[in-house]
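Working notes, beginning with the structure itself.
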Amino acid sequence: MLPPIPALADYGLSPTHGFLPAVLPLTRLPDPYYNKWEAIAANLQALILSRRLRGVIDRLPVLSTIGLEHDAEWRRAYSLLGFMAHGYIWGGDSPSDRLPASISVPLLQISERLQVPPVATYAAVCLWNFKPLFMDEDIDNLDNLATLNTFTGSLDESWFYLISVAIEARGGPIMSLMLTAIAAARHGDAAAVTRCLRAFAERLTDLTTILQKMHESCDPTIFYNRIRPFLAGSKNMAEAGLPRGVVYEDGSGTETYRQYSGGSNAQSSLIQFFDIVLGIEHRPTGESRGPSSDSDKGGRSSNRHNFIMEMRRYMPGQHAQFLNDVSTVANIREFVEENPRDSQLRLAYDACLAMLSAFRDKHIGIVTRYIINPSKQVRARSRSRSPEATRHRVNLAVASRKNQQNQKGTGGTALIPFLKQARDETGEPAVEEWTRRFMKRQIKTEGKGDFFLGKPDHGAPLETEDVEVKGLAGSWTMDEDVGGICQY
Ligand code: HEM
């Protein structure tokens, strides 16, 4: 018997807003018992700027979670403590490798309940951290969105989060649509599957349009130097000053170091839903599709370890469970393959792959502009500076430098090849020869003619050294030609 098609409501998901909560995020916790948390979050930028945040949090009492009632309150508390935790760790001249009990005790309890890691994940900073400006207007419109919390108070940071919120909101209805398509495929209703795929492809183009708006109000230099350092995790962070990770103090005296990835949009369940429902497989980085690969032996949803699968552990538990359950019923790719004479169906399926591949293409341009280019500038500057000039400050922004011998393998995967592989894998299931050729053409011209990337820098020296760059969740090497098993 076929497994049942998952129902959104069973996972707390909304048919209109997808992975964004059906109940809007709370702008404050209703119980005044939590006023101290609210006050710190409301003054986070000033406390970080004045270097007083750590002192304030050190003196904060350990608050109980007993006053948290509804899910929305737990989510708000998680988001608040996530911001406070990362502000505490990264908001000084050098990072703190301990989190005091006033944060770690409630954060660990809340994380357990929501089944998320105790860090500022994508859920903490995007999914559960926005409000509409006008209640009677949609939240898939950037003109109607504002953030609740930020580290820097900058428009750039708010914009960075809100682009994702708008993408989640605009993409949310695709979930019901494609669950309907799965049911239709079970009944052999090709016309209905085609209709759903067409609507899916159209919405995917909207998402790329929203993604491109990143350039409008998020400045790459501010993103790289001011925003990204606060989102950093504690895994592979020796260069940034956290060689062993972070201790979450609980007063027991037996705590050990913990290591987590940082907050990243790679933790978006929506994009993974698209992959699953279209039957796109992601292999560990550097592994190409070959006759002997698992994927060709019917192991389509192979659970082999890779970065994209690892990011599922950073999604809210119910969202990750939903993705796992959808992978057991995803049948669209097989359905298309089993109907080789239905050209409308094949065209609609390939259109979805082409649009998702185009989304990933634009995303690669964004990563180049917001991470690769500024990290090259930082390295160029740090080469020309004396060691004394850089010694006093250790954090993520200055941490992109040559790998030390003993850190080999911590960030052994190259960032752009990883993203390019994910994009290329998106096109692999295409059924029409023409679509496959078209996607290859698109890939060849990538980066050129993109206004935001500018002209290729012919004068720049070729990077061949083993240089580490911190992405958002992961550590990566800069060498564009190096692949390998994904390590981070
Ligand atoms: C300034 C904007 C952005 C930057 C600098 C950026 C950077 C990155 C980086 C460095 C990675 C590699 C993993 C890591 O280290 O975290 C990544 C992966 C990823 N990002 Fe972004 N990102 C941005 C915006 C977005 C947005 C708005 C979305 C969509 C919601 C998104 C979706 C993804 C996905 C799905 C992955 C996993 C790789 C894939 O599936 O292709 N990113 N991003």
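Both counts, for ligands and for their atoms, begin at 1 and track the order of listing. Computed from a predicted structure; not experimentally measured. Any value given below was found using the heavy atoms of this structure, including those in side chains, with hydrogens, waters and symmetry copies removed.
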Name the closest protein heavy atom to [atom], giving the residue it belongs to and the distance to 0.1 Å.
atom	value
atom 29 (C) of ligand 1	F359 CZ, 3.9 Å
atom 30 (C) of ligand 1	Y122 OH, 3.9 Å
atom 41 (O) of ligand 1	R360 NE, 2.7 Å
atom 14 (C) of ligand 1	A473 N, 3.2 Å

Ligand-residue contact atoms, ligand 1 with [X], heavy atoms, under 4.0 Å:
X	answer
F223	5 (C)
L415	10 (C), 12 (C)
I271	35 (C)
L211	26 (C), 27 (C)
A422	41 (O)
I371	5 (C), 10 (C)
F307	13 (C), 14 (C)
F160	1 (C), 2 (C), 3 (C)

Below 4.0 Å, non-hydrogen atoms only: which portion of [X] touches ligand 1? Side chain, backbone, both or neither.
X	value
H282	neither
L270	neither
D275	neither

Taking atom [atom1] as the centre, does [X] end up with more than 12 heavy-atom neighbours from other residues, nucleotides or ligands that are less than 6.0 angstrom away?
X	atom1	value
L177	CG	yes
E112	CD	no
R98	CZ	yes

- Query: Under 4.0 angstrom from ligand 1, any heavy atom of S164?
  - Reply: yes
Does a donor on one side chain and an acceptor on the other come within less than 3.5 Å for [X] and [Y]?
X	Y	value
Q45	T152	no
E337	Y349	no
H319	R312	no
T147	N129	no

- Nearest-0.5 Å distance, CD of residue E137 to CG of residue D143: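 Here the rounded value is 8.5 Å.
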- Message: If the condition is ring pair (Phe, Tyr, Trp, His ring centres under 6.0 Å), which residues does Y314 pass it with, not counting sequence neighbours?
- Response: none
- With sequence neighbours left out, write down each residue that passes ring pair (Phe, Tyr, Trp, His ring centres under 6.0 Å) with Y161, or none if nothing qualifies.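 Here no residue qualifies.
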- Excluding waters, which protein N, O or S atoms are within less than 2.8 Å of atom 21 (Fe) of ligand 1? H363 NE2
- Query: Taking the six-membered ring of Y224, is the NZ or CZ of R228 close enough (under 6.0 Å from the centre) and on axis enough (within 45°)?
  - Reply: yes
- Message: Does W74 form a ring pair (Phe, Tyr, Trp, His ring centres under 6.0 Å) with Y78? I'd like the steps, not just the answer.
- Response: CA-CA 6 Å; W74 288 84; Y78 173 68; over 10 Å; no
- Query: For L127, which of R75, E168, Q267 qualifies under side-chain contact (heavy atoms from CB on, under 4.5 Å)?
  - Reply: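 Answer to the side-chain contact (heavy atoms from CB on, under 4.5 Å) test with L127 among R75, E168, Q267: E168.
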- Item | Partner set under side chain to side chain donor-acceptor pair (under 3.5 Å) for E425, not counting sequence neighbours |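 For E425, the residues satisfying side chain to side chain donor-acceptor pair (under 3.5 Å) (neighbours in sequence not counted) are H282, Q421.
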